[in-house]
Each structure stands twice: as structure tokens, then as C-alpha cells.
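Structure first, commentary second.
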There are 2 protein chains.
Amino acid sequence: MQNSEALALAAALLAAAGDLTQRINDGVVARGFEARPAWGFAFARLAPDGATVTELAGHLGVTKQAASQLVDEIVRKGYAERRPHPEDARARLVVLTERGWACTRAAEEAAAEAVRTWVDVLGEGEVRALRERLGRIAPNGPIKPAW
Amino acid sequence: MQNSEALALAAALLAAAGDLTQRINDGVVARGFEARPAWGFAFARLAPDGATVTELAGHLGVTKQAASQLVDEIVRKGYAERRPHPEDARARLVVLTERGWACTRAAEEAAAEAVRTWVDVLGEGEVRALRERLGRIAPNGPIKPAW
DNA sequence: GCATATAGTCAAGCTGCTTGACCATCTTGG
DNA sequence: CCAAGATGGTCAAGCAGCTTGACTATATGC
């Protein structure tokens with residue numbers, strides 16, 4: 001594979017990821033929730049059992065102060081709440097509210113809707129194959145913005 | 001395809017894109033250039049014939065002021081220079097310097113190196129297929145951060 | 001040739017992140 | 001058991017990269 005092809009692959013990957021993210025977010029907003037794309041990854045970590053701010057920070061690859069600000073915001077908007085941690089009096093467990101769960105379901109619907117346009121182009125089998133291959137090469141580290 | 005699978009596809013796409021971007025950037029830095037990931041997309045638009053600040057802004061999906069700041073930075077660091085536009089006295093043509101070209105080649109090498117680890121996992125054919133499929137679903141709009 | 005559109009810049013402000021300092025609580029070794 | 005260090009969380013200040021708004025210089029169209 002030539003060097004320039006590798007860069008083209010990277011560009012296509014970024015473009016597809018950015019497009020999908022945008023459309024999922026638009027779909028979530030269209031369903032009546034106000035959300036930022038980064039929230040999706042926070043929600044994924046909070047579901048199903050909640051998480052501490054520090055755990056969330058590790059998952060998102062940011063400082064705990066930044067994670068705490070993000071929690072402030074989703075709490076203020078009613079998507080989650082802070083509870084005392086059952087086993088550690090220092091920590092606080094952040095859990096999704098019913099509204100938070102509804103937003104999560106909306107994100108899943110919006111994602112399915114966005115992916116459907118890909119199925120129209122590539123067919124169901126190829127999209128599945130795409131997902132399977134991405135799963136094999138995607139790292140398990142913190143979720144970070146693409147740039 | 002179930003809704004939750006669509007979200008998993010989005011997550012895998014983001015993770016792969018973020019990982020690749022990170023590794024390309026690391027590779028560029030290791031080759032002795034100081035660069036930010038967003039620069040790659042600016043460089044791609046500047047090569048081969050240069051571009052105006054406004055064209056660059058459209059390509060990157062930001063305001064022309066933001067694009068101008070980015071140009072300030074890459075000019076200051078010697079990767080590009082501003083020239084009078086040959087056909088429009090209002091405009092200035094931003095073109096890569098030799099150092100800018102060297103940085104671009106370094107990015108291509110780093111991308112090839114990063115993709116090579118994927119080839120090890122998936123095989124050459126599958127990576128090619130991945131690229132081809134992403135090319136078919138990637139939009140042609142402005143390049144925007146994944147979130 | 002004048003009115004309007006466009007390329008670019010300067011300035012100010014905002015947002016989301018960082019680093020640094022700090023307190024409360026947990027854990028561990030003597 | 002308890003002192004010392006590690007860890008969870010917050011407050012405060014600062015910074016980077018973007019935005020909006022205002023402006024100048026040049027181009028374009030009637």
C-alpha cells in the first residue's frame with residue numbers, strides 16, 4: 001500500500017466518523033434532547049450501573065476536573081444525578097436519570113437511522129463486515145476526539 | 001441491524017479514527033516536525049497549488065478568522081508562506097514551503113506505518129476493502145473534528 | 001462610476017480544557 | 001491503632017482555539 005493511500009484511508013475514516021457523529025447528534029436533537037457529541041461517550045460509561053467522576057475521566061481521556069464539569073452540566077440538565085457512593089464515602093456515584101436513559105435510547109435510534117443510509121449504499125452485509133473489522137482494529141484505550 | 005449495534009459501529013469508527021490520528025501525529029513528531037492533527041487537513045488543501053485563506057476555511061469548516069490564525073501559525077513555523085495572489089489583489093495565496101512538503105511526506109510515511117499495524121491484523125486485502133467502502137460512504141463536505 | 005459583494009485582518013469574548021492547590025476519606029506499614 | 005501517604009473530588013486561575021462583530025481594501029455588476 002502506498003503512503004498516500006494510507007493518508008487517504010485516514011482522511012476517509014475521519015470524514016466518515018465526523019459525518020456519523022454529526023448525524024447522530026442531529027437526530028438526538030431532533031428527538032427533543034439537547035446534547036453534545038461527547039455526552040454519548042459519557043452516557044455509555046454511566047450506563048448501566050453508574051460511574052465515579054474519576055472513572056469517567058479515565059474513560060474519556062480527560063482530567064477529572066474536566067469530567068466533573070461535564071457531569072455538572074448533564075446533572076444540571078437533568079440527565080444524571082450524583083449519589084453517595086455505597087462503598088466509598090469520598091466518591092460519588094453518577095447515575096443516569098430516566099431522562100438520561102431516554103436520551104440514550106434516542107441516540108441509539110439516531111445512530112441506527114444514520115447507519116441506514118450506509119446500508120443503502122453498501123448493503124447490510126458490508127456494513128456488518130465494516131463494523132466487525134473496525135472492532136478488530138479499534139483500541140480499547142480512552143475515547144478521545146479525532147483531533 | 002439493532003440500534004445498539006449502530007451505536008457500537010459509531011464508537012468503533014471514532015475509536016479507530018482517533019487512534020489513527022494520534023499515531024500519525026506521533027509519527028510526524030518523531031520525524032522532527034511539530035504539528036497538530038488539524039494541520040494535516042490544511043496541508044492537504046494547500047498542496048499542490050496553494051489556496052486562499054477563505055478556501056481553506058471552507059475546506060476545514062471554520063471561519064476565515066480561524067483559518068487565518070492557523071495560517072499564521074504554520075507560516076510562523078516555516079511550513080508555508082503567504083504570496084500575493086496572481087489574479088486578485090485582495091487575496092493572498094498560501095503555499096507550502098519545502099519544509100511544508102517535507103512535513104507532508106513525513107505524514108504520509110507515518111500514516112503508512114500506522115496502517116501497517118492494521119494490515120497485520122486484517123491483511124492487505126481487507127484494509128483495501130475497508131478503505132474502498134469508507135470512500136463510498138464518506139461525505140465530501142468540510143472536514144470537521146469528529147466531536 | 002457607484003453600489004454591493006468578497007478577501008482579509010483586528011479585537012473581544014466564550015467554551016472546554018488544563019494545571020495547581022486544597023480538603024476529605026481510604027489504605028497501609030509499623 | 002495511628003501516622004503517612006494515596007486517592008476521590010472540588011475550587012480557582014489560565015490558556016488555546018474557536019466564534020461574532022467591525023472594519024479596510026479590492027473586485028464586480030448594473
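These figures come from a predicted structure and were not determined experimentally.
Here A:Thr54 reaches the OP1 or OP2 of D:dG9: one of its side-chain N or O atoms lies under 4.0 Å away.
With sequence neighbours left out, A:Arg23 forms a side-chain contact (heavy atoms from CB on, under 4.5 Å) with A:Asp19, A:Ala114, A:Thr117, A:Trp118. Partners of A:Ala12 according to the side-chain contact (heavy atoms from CB on, under 4.5 Å) rule, which considers only residues two or more places apart in sequence or in another chain, are B:Leu134. Applying the ring-ring contact (aromatic ring centres under 6.0 Å, His included) rule to B:Trp39 yields the partners B:Tyr79; only residues at least two apart in sequence or on another chain are considered. Residues passing the side-chain contact (heavy atoms from CB on, under 4.5 Å) test with A:Asp120, sequence neighbours excluded: none. Every residue was checked against the salt bridge (Lys or Arg N to Asp or Glu O under 4.0 Å) condition with B:Glu87, not counting sequence neighbours, and none meets it.
The distance from atom CZ of A:Arg82 to atom C1' of D:dG9 is 9 Å, rounded to the nearest whole Å. Here the P atom of nucleotide D:dT10 and the NE2 atom of A:His85 are 13 Å apart, to the nearest Å. Taking atom CG on A:Leu56 and atom P on D:dT10, their separation rounds to 12 Å, with Å as the unit. Remark: C1' of D:dC15 and CD of B:Glu73 are 14 Å apart, rounded to the nearest angstrom. Remark: P of C:dT15 and CD of A:Glu34 are 13 Å apart, rounded to the nearest angstrom. Rounded to whole Å, the distance from CZ on B:Arg36 to P on D:dC15 is 17 Å. The nearest whole Å value for the distance from the CH2 atom in A:Trp39 to the P atom in C:dT15 is 14 Å.
Within a heavy-atom distance below 4.0 Å of DNA chain D, the residues of residues 86-93 of chain A found are A:Arg90, A:Ala91, A:Arg92. Near DNA chain C, meaning a heavy atom under 4.0 Å away, the residues from residues 63-72 of chain B are B:Lys64, B:Gln65, B:Ser68.
The pair A:Glu132-A:Arg136 meets the salt-bridge criterion, with a side-chain N (NZ, NE, NH1 or NH2) lying under 4.0 Å from an Asp/Glu carboxylate O. Salt bridge status for B:Glu109 with B:Arg105: absent, with no side-chain N to carboxylate O gap under 4.0 Å.
A:Leu93 belongs to a hydrophobic cluster whose remaining members, ordered by chain and number, are A:Val95; membership requires side-chain heavy atoms of ILVMFWY residues under 4.5 Å apart, directly or through intermediates.
A side-chain hydrogen bond (donor to acceptor under 3.5 Å, both in side chains) check over residues 60-70 of chain B, counting only residues at least two apart or in different chains, returns nothing.
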